[in-house]
Amino acid sequence: MSAINITRTHHDGFNPAIIKFSSVKKYLLVPIEEEAPEAQFYVISNNHRYIFNIRLAVKNVQYYVPVELDGPETYLEIYRAPKEDAIGWSKLELSDTYDDSDHEYYRPVYHFAPKYGWMNDPNGLFYLDGTYHLFYQYNPFASTWGNMSWGHATTKDFVHFDHHPVALLPDELGAIFSGSIVVDKENTAGFGKNAVVAFYTNANREDFTEQQNSMAVSTDGGFTFKKYEHNPVVTFDCPDFRDPTLIRYKNQWNLFIATKQWIRIYSSQNLKEWKFESEFGHGIGNHEGVWECPTVFECDGKWVMLLNINPGGIFGGSATQYFIGDFDGHEFKCEFPPRVVKWMDYGKDAYATVAFFQPPVVTAIAWMSNWEYGKVVPSKQFRSAFSIPRTFKLVECPKTHQHTLYSLPLPSFEANFKNKADKITEACLVELDLTGVTA
């Protein structure tokens with residue numbers, strides 16, 4: 001441990017403990033105790049500076065997380081640091097590697113999960129050149145919620161996944177909350193043909209109530225992003241103004257942003273300058289919780305809006321409701337009577353359901369958890385997984401002429417499973433014939 005030089009000052013929350021390194025390694029491995037108070041780490045180097053919170057172990061070490069270092073000039077300032085007798089100080093390690101091999105009994109076989117850390121909402125889903133890109137709300141420094149960033153993975157079949165470096169880290173505007181991605185095939189924004197453009201919510205660090213929406217651009221197919229120099233792009237005076245979802249409608253872009261318990265709709269020609277068009281949701285649907293993560297797509301000649309709500313789910317906690325109707329680039333008009341509530345699922349483990357941008361067929365995935373208990377599931381190396389990919393169809397009721405949204409496994413994904421279970425076991429694929437069953 002002689003390679004780590006720790007200078008301690010008063011532990012009053014304002015004067016930091018300072019860590020300097022006398023040898024060069026790729027990572028500082030930090031011991032974590034989830035019940036410990038959060039310490040604020042400032043990583044400072046010639047190339048970047050970023051801030052995150054870590055629960056540095058006080059009594060027990062539960063697992064380690066890697067903090068990437070950027071050469072010999074890197075140093076850390078740690079505010080709200082634990083006292084000198086905390087076990088974490090003696091357990092800090094420098095290393096050129098981090099063991100992210102699987103140590104978890106409960107890791108799913110084909111549902112996507114991060115190698116380590118916390119994951120919740122799917123973000124920025126898009127399809128390009130045969131590959132599905134999954135971004136997600138991610139804490140790379142613990143298996144509990146915090147330090148909201150965008151993790152990144154890719155897949156061609158939703159069974160095998162490649163993990164990639166963190167795409168977006170918190171910045172001076174705050175944490176990186178949920179959002180969406182589009183591929184600007186016509187170069188409407190001037191970033192280049194086929195530029196991959198991400199919209200996301202910045203939330204201030206203190207209490208996350210100041211929320212504004214920003215943009216980042218990738219010119220290498222979605223693997224590295226540069227944040228737009230004129231962020232934020234879309235603002236509104238409301239503490240819950242988040243989760244922008246983008247669609248391409250005819251010759252314009254439309255943006256849907258969750259605002260407490262309704263949706264604000266905007267339009268743009270260039271992704272940079274936005275015009276407010278209308279609001280949707282007043283007096284319609286379920287309003288027992290905050291509306292989050294809208295997603296909008298066409299299906300069987302109608303427009304569908306998936307709208308996630310927390311709390312207020314039909315069986316408690318978080319859930320996804322949906323609306324079906326018409327959209328003309330300015331307004332979304334629902335065909336349901338105002339107080340009708342349509343739930344996408346009747347289980348508890350499908351939240352933040354969002355769709356991919358321009359896949360071969362409409363495809364969506366969800367966070368396979370619930371805010372009632374997502375933080376306490378029995379794993380440590382990672383927490384949370386995604387649902388299987390689904391597609392949709394609409395079925396019209398002959399009497400009311402209203403539509404019901406049916407969910408189906410994505411056919412290309414389902415084709416990977418050749419054998420069906422003859423009887424119910426601890427883990428199996430169950431097929432139900434719901435022919436003739438009405439909603």
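Every heavy atom of this structure was used, including side-chain atoms; hydrogens, water molecules and symmetry mates were not.
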With heavy-atom distances below 4.5 Å as the criterion, would you say the side chains of Asn213 and Phe236 are in contact? no
Where does the angle between the aromatic ring planes of Phe297 and Phe392 fall among parallel (under 30°), tilted (30 to 60°) and perpendicular (over 60°)? parallel
Tyr106 atom OH, neighbour heavy-atom count above 12 within 6.0 Å: no
Short side-chain to backbone donor-acceptor contact, Asn147 and Asn53, under 3.5 Å: yes
Could you check whether any side-chain N or O of Gln137 sits under 3.5 Å from a backbone N or O of Asp121, counting only pairs where one atom can act as donor and the other as acceptor? no
Pairwise side-chain contact, Ser407 with Met344, heavy-atom cut-off 4.5 Å (strictly under): yes
Any chance you could measure Gln321, atom CD, to Lys342, atom NZ, to the nearest 0.5 Å? 12.0 Å
Flag the pair Lys302 and Glu396 as a salt bridge only when some basic side-chain nitrogen lies within less than 4.0 angstrom of an acidic carboxylate oxygen. no
Is there a side-chain contact between Pro31 and Tyr64 in this structure, where contact means two heavy atoms from C-beta onward sitting under 4.5 Å apart? yes
Using modelled atom types only, decide if a donor and an acceptor are shared between the side chain of Asn254 and the backbone of Ile265 within a distance under 3.5 Å. no
Supply the atom-to-atom distance Asn370 CG to Asn310 CG, rounded to the nearest 0.5 angstrom. 7.5 Å
Between Ser180 and Pro244, is there a donor-acceptor pair closer than 3.5 Å when you use the side chain of the first and the backbone of the second? yes
Aromatic centroids of Trp303 and Phe327 separated by under 6.0 Å: yes
I'd like to know if the side chain of Tyr27 and the backbone of Tyr98 have a donor-acceptor N/O pair within less than 3.5 Å. no
For Tyr351 and Asp345, test the side chains for any donor-to-acceptor distance below 3.5 angstrom and give the result as yes or no. no
All side-chain hydrogen bond (donor to acceptor under 3.5 Å, both in side chains) counterparts of Lys185, not counting sequence neighbours: Gln358
Do the non-hydrogen side-chain atoms of Ile365 and Tyr132 ever get within less than 4.5 Å of each other? no
Side-chain (Asp240) to main-chain (Val290) donor-acceptor, under 3.5 angstrom: no
Contact check, side chains of Trp253 and Asp184, non-hydrogen atoms, under 4.5 Å: yes
Distance-only, no hydrogens or angles: does the Glu104 side chain make a donor-acceptor pair with backbone N or O of Gln381 under 3.5 Å? yes
Rounded to the nearest 0.5 Å, the OG atom of Ser214 sits from the CD1 atom of Ile176 at a distance of 7.5 Å
Taking side chain as C-beta onward, heavy atoms only, is Val182 less than 4.5 Å from Arg248? no
Taking the six-membered ring for Trp, are Phe208 and Trp145 closer than 6.0 Å centroid to centroid? yes
Does Phe191 have Lys272 sitting over its ring (NZ/CZ under 6.0 Å from centre, angle to axis within 45°)? yes
Would you please indicate yes or no on a ring centroid separation below 6.0 angstrom for His164 and Phe135? no
Is it the case that the ring center of Trp274 lies less than 6.0 angstrom away from the ring center of Phe199? yes
Between Phe356 and Phe158, does the ring centroid distance fall short of 6.0 Å? yes
Under 6.0 Å between ring centres: does that hold for His152 and Tyr138? no
With distance as the sole test, does Glu372 use its side chain to make a donor-acceptor pair with the main-chain N or O of Gly317 at under 3.5 Å? yes
Quick check: do Asp243 and Pro294 have side-chain heavy atoms less than 4.5 Å from each other? yes
Side-chain donor or acceptor of Arg383 paired with backbone N/O of Val377 under 3.5 Å: yes
CG of Leu405 to CH2 of Trp343, rounded to nearest 0.5 Å, is 14.0 Å
One should read off an interatomic distance between Lys227 NZ and Asp171 CG, to the nearest 0.5 angstrom, of 3.5 Å
Using only atom types and a distance under 3.5 Å, with no angle test, would you say the side chain of Thr201 pairs donor to acceptor with the backbone of Gln211? no
Would you say the rings of Tyr116 and Tyr63 are close, in the sense that their centroids are separated by under 6.0 Å? no
Is Asp326 salt-bridged to Lys333, going by a charged N under 4.0 Å from an acidic O? no
Is there a ring pair (Phe, Tyr, Trp, His ring centres under 6.0 Å) between Phe280 and Phe323 once you walk through the steps? CA-CA 11 Å; Phe280 170 79; Phe323 304 95; 5.1 Å; yes
Hey, what do you get for CG (Leu56) to CD (Gln40), rounding to the nearest 0.5 Å? 14.0 Å
Side chain to side chain donor-acceptor pair (under 3.5 Å), that's the test. Do Asp99 and Ser101 meet it? Break it down for me. CA-CA 6 Å; Asp99 181 13; Ser101 58; 2.5 Å; yes
Decide yes or no for Phe52 and Val67: does some side-chain heavy atom of the first lie under 4.5 Å from some side-chain heavy atom of the second? yes
